[in-house]
Amino acid sequence: MRGVLIFDMDGVLVDVADSYRETIVQTVKRFTGRTITRDYIQGIKNRGGFNDDWALCNMVIHDFGVRAPYGEIVDYFQRLFLGDNHNGLILREKWTAQPGLFERLAREWRLAIFTGRTKDEARVTLDRCAPHLTFDPIIGNTDVENLKPAPDGILKILKLCPGMDAIYVGDNIDDGRSAHAARVPFIGVVGAENTRRAELTELFLREGARAVISSVNEIEEVLG
Ligand SMILES: [Mg+2]
């Protein structure tokens, strides 16, 4: 084994433009009456500290002058996203990897996930989109004391994979900072549809990214 490849989930393994990003737009609209753009959301994401979509919604709603309780915002967000029994916007997610990619990677690497999702939300999507793949360990937001950009999740995975080198693959500046803090090489993913590609690429490189790719499907080229 060459080591452990740790993947962020949203924007890396899964295209979340029509799920999480759409849920943010609808949640902000519900509380403020305003419709924000995808570019506006990406601008906030690039500032760092807003990998968590609940925190992002809360900040935007308060910025628009609406004093909604955090719990109500989260409840509304979750109802839209999960629906009744996982039939909400979560179903619009698309698996990004082409068939065979992870099977090839798994011959040389252990595969792991460190996501800002709850483990339950990670599981639902993995079971639906990639039931045949093994990611182990999977570390979600309730498994760590400090969320990204803290290094907690990566450090936890390193502890569970003793003696293994690791690489973290993520699409948010907080992922890059998390890897940096854990002293693990980072590969940034900046999708072709990202409205702020140049800005995010620059941020990743400044954070010491080993490479920046436009999709997880290009990862074999940069792993060598
Ligand atoms: Mg992500």
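The structure displayed is predicted, hence computed values, not measured ones. Counting starts at 1 for both ligands and their atoms, following the listed order.
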message: What I want to find out is whether D18 reaches K94 closely enough, with some N-O distance under 4.0 Å, to be called a salt bridge.
response: yes
- request: Would you please indicate if the ring centroids of F64 and F31 are separated by under 6.0 Å?
  value: no
- request: Run through the protein N/O/S atoms less than 2.8 Å from the Mg ion (ligand 1) and write them out by chain and number.
  value: D8 OD2, D10 O, D171 OD1
Salt bridge (Lys or Arg N to Asp or Glu O under 4.0 Å) partners of D165, counting only residues at least two apart: none
query: Is there any salt bridge (Lys or Arg N to Asp or Glu O under 4.0 Å) pair reaching into residues 209-221, and which pairs are they, with sequence neighbours excluded?
result: R104-E220
Sidechain N-carboxylate O distance under 4.0 Å for D10, R21: no
task: Can you sort out the partners of F50 under ring-ring contact (aromatic ring centres under 6.0 Å, His included), two or more places apart, ordered by chain and number?
output: none
